[in-house]
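One structure is given below, encoded as structure tokens.
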Amino acid sequence: MSEEIPPSKPQIKEYHGKDFGLFFEPSSILYDKSSSFQHITVIETESAGRVLLLDGLVMFSELDEFLYHEMITHPCMVSHPDPKKVLVIGGGDGGTVRELLKYPVEEIILVEIDPEVIEVSKRFFPNISDSLKSEKVEIINSDGAEFLRNSREIFDIIIVDSSDPVGPSLSLFTETFIDDVLSHLSEKGFYVSQSGSPIFHGEHLREFFNLVRRKFENADIYLVPVISYPGTIWSFTVGSSGIDIKEIRRKPPEGLRFYNTDIHISAFSLPNFVKKIFE
Ligand code: SAM
């Protein structure tokens with residue numbers, strides 16, 4: 001039985017359950033201010049490196065961001081026959097764009113609602129945000145739902161790398177938004193959205209997946225472990241028409257730390273408790 005040791009340093013806690021969660025004992029708080037959309041915090045830790053929190057929720061840590069960013073990107077990019085034009089909604093840290101630029105894409109539009117997140121990421125996470133300087137990347141500061149509603153552009157891939165469906169992200173999990181996604185995707189396009197924890201957000205996941213399943217010919221879910229996220233197991237929901245994301249159509253880029261084609265296949269093999277969510 002481990003003895004209760006009083007915390008030596010101030011702690012930052014994210015509650016995942018009523019009496020359960022994740023804590024950090026930061027060696028320093030590098031940034032802690034509110035923007036017009038949310039409260040932005042950057043902390044320095046020995047074990048997890050630097051960590052970005054929005055409204056007190058972990059967006060990523062340097063320790064495990066590669067897990068999330070590789071898995072929101074490579075399955076759809078390796079499966080799509082020829083992705084040239086990609087839309088990323090959210091993702092102001094640049095991690096998803098970094099992975100996309102490992103492919104011969106022609107154009108990436110990043111629609112991030114909060115310009116402050118981009119500035120903070122450039123200042124404190126250069127390894128992740130440097131990709132945003134690429135001439136292939138156009139950055140638009142807008143609500144992703146509003147951008148899509150007013151846009152005439154067609155994309156091969158639309159990735160929603162947003163925060164959880166509360167506050168500014170709520171508009172990205174609605175039926176209207178999914179309809180707009182459908183009308184802006186090319187014929188064999190992929191829509192991929194982060195969709196939360198099957199352990200802590202089962203109800204949301206079922207409703208959201210059923211919405212995507214109603215709208216698209218194909219709807220799929222795949223999972224990835226992310227240490228600093230609630231319940232560790234995180235989900236992505238995919239919508240597509242006339243193309244199956246489980247089919248691998250190209251070799252992934254070299255040098256990836258998590259993703260490979262075996263992981264691609266296994267990520268779609270759901271454990272029983274997740275299958276139960278959709279029964
Ligand atoms: N990986 C993280 C997660 O799963 O929680 C997401 C990281 S990324 C930093 C999330 C970004 O989505 C934030 O920068 C936030 O400002 C942005 N965002 C939230 N709602 C948005 C919206 N409606 N349109 C565009 N960007 C949005």
Side-chain angles (χ1 to χ4, degrees), residues 7-16 21-73 88-102 108-144 159-164 166-169 172 194 224-230 232 234 255-258:
S8 56
K9 292 184 213 149
Q11 292 188 335
I12 292 212
K13 291 180 181 171
E14 179 184 336
Y15 282 84
H16 295 165
L22 184 72
F23 77 89
F24 299 94
E25 283 183 358
S27 45
S28 56
I29 297 185
L30 302 171
Y31 187 91
D32 196 29
K33 270 198 215 130
S34 288
S35 72
S36 348
F37 298 94
Q38 51 214 339
H39 192 78
I40 305 174
T41 310
V42 178
I43 59 172
E44 184 86 71
T45 71
E46 269 167 54
S47 336
R50 288 182 176 177
V51 182
L52 172 71
L53 301 102
L54 296 180
D55 291 337
L57 302 179
V58 174
M59 290 298 115
F60 66 83
S61 77
E62 288 180 318
L63 173 70
D64 64 357
E65 59 84 11
F66 71 98
L67 299 166
Y68 174 93
H69 288 125
E70 287 192 12
M71 287 305 280
I72 196 169
T73 309
V88 178
I89 295 179
D93 51 79
T96 299
V97 168
R98 178 194 65 202
E99 297 305 313
L100 288 170
L101 288 169
K102 293 176 180 172
I108 301 171
I109 297 184
L110 179 98
V111 179
E112 164 57 61
I113 200 169
D114 191 343
E116 210 46 43
V117 170
I118 296 179
E119 288 320 306
V120 164
S121 300
K122 284 182 179 166
R123 202 167 137 202
F124 297 106
F125 301 98
N127 305 337
I128 300 175
S129 60
D130 260 7
S131 59
L132 298 176
K133 295 177 189 153
S134 161
E135 68 215 14
K136 291 183 177 180
V137 179
E138 180 189 352
I139 297 175
I140 297 171
N141 291 125
S142 157
D143 167 30
I159 294 177
V160 176
D161 174 10
S162 74
S163 22
D164 294 351
V166 287
S169 288
L172 306 174
Q194 74 93 358
V224 61
V226 182
I227 308 154
S228 52
Y229 282 3
T232 307
W234 206 248
L256 301 181
R257 297 175 60 199
F258 183 80

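Positions are given from 1 along the sequence. Predicted model, so just to flag it, every value in this text is computed and none were measured.
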Donor-acceptor under 3.5 Å (Glu62 side chain, Arg50 main chain): yes

The reported gap from CD1 in Ile109 to OG in Ser142 (rounded to nearest 0.5 angstrom) is 11.5 Å

Side-chain (Asp161) to main-chain (Val88) donor-acceptor, under 3.5 angstrom: no

Is the shortest heavy-atom distance from the side chain of Glu65 to the side chain of Val226 under 4.5 Å? no

Show the nearest heavy-atom pair for residues Gln194 and Tyr68, with the distance to one decimal. CB-OH, 3.5 Å

Close side-chain approach of Phe125 and Leu52, heavy atoms under 4.5 Å: yes

Report the C-alpha distance between Phe60 and Ile128 in whole Å, list the side-chain angles of each, state the deciding distance to 0.1 Å, and finish with yes or no for side chain to side chain contact (heavy atoms under 4.5 Å, CB included). CA-CA 11 Å; Phe60 66 83; Ile128 300 175; 3.4 Å; yes

Does Ser129 use its side chain to pair, donor to acceptor, with the backbone of Gly94 at less than 3.5 Å? no

As an exercise, state the distance from CG of Leu22 to CG of Leu57, rounded to the nearest 0.5 Å. 11.0 Å

Taking the side chain as every heavy atom from C-beta outward, state whether Val224 and Glu70 have any atom pair closer than 4.5 Å. no

Just how far is it from atom CG of Leu172 to atom CG of Asp164, taken to the nearest 0.5 Å? 11.5 Å

Got a second to check how far Asp64's CG is from His69's NE2, nearest 0.5 Å? 10.0 Å

Min side-chain heavy-atom separation Glu116-Tyr31 under 4.5 Å: yes

Between Glu138 and Ile140, the two heavy atoms sitting closest are OE2-CD1, 3.6 Å

Compare every heavy atom of Tyr229 with every heavy atom of Met59, then report the nearest pair and how far apart it is. O-OH, 2.5 Å

Please tell me if the side chains of Leu100 and Ile159 come closer than 4.5 Å, counting only heavy atoms from C-beta onward. yes

Given side chains that start at C-beta, do those of Met71 and Leu67 come closer than 4.5 Å, heavy atoms only? no

Compare every heavy atom of Val137 with every heavy atom of Ser131, then report the nearest pair and how far apart it is. O-CG2, 3.8 Å

Heavy atoms of Gly91 and Leu110 approach each other most closely as O-CD1, 3.5 Å

Side chains of Glu14 and Ile12, heavy atoms from C-beta outward: is any pair under 4.5 Å? no

For the backbone of Glu112 and the side chain of Asn141, can you confirm whether one donor and one acceptor N or O come within less than 3.5 Å of each other? yes

Carefully, step by step, assess Val166 and Asp55 under the rule side chain to side chain contact (heavy atoms under 4.5 Å, CB included). CA-CA 10 Å; Val166 287; Asp55 291 337; over 6 Å; no

Residue pair Ile43 / Thr45: nearest heavy atoms and the distance that separates them: CD1-CG2, 3.9 Å

Backbone N/O of Ser163 and side chain of Ser169: donor-acceptor pair under 3.5 Å: yes

Can you tell me how far NZ of Lys33 sits from OG1 of Thr41, rounded to the nearest 0.5 angstrom? 11.5 Å

For the pair Phe24 and Val51, evaluate side chain to side chain contact (heavy atoms under 4.5 Å, CB included) and give the outcome as yes or no after the intermediate values. CA-CA 9 Å; Phe24 299 94; Val51 182; 3.8 Å; yes

Evaluate the side chain to side chain contact (heavy atoms under 4.5 Å, CB included) criterion for residues Ile40 and Leu54: first the C-alpha distance (whole Å), next the side-chain angles of each, then the deciding distance (0.1 Å), finally the verdict. CA-CA 5 Å; Ile40 305 174; Leu54 296 180; 3.8 Å; yes

Heavy-atom check, side chain of Gln38 versus side chain of Val117, under 4.5 Å: yes

Report yes or no: is the cationic atom of Arg257 (NZ for Lys, CZ for Arg) under 6.0 Å from the centre of the six-membered ring of Phe66, at an angle within 45° of the ring normal? yes

Nearest 0.5 Å please: distance from the CD atom of Glu46 over to the CG atom of Leu63. 13.0 Å

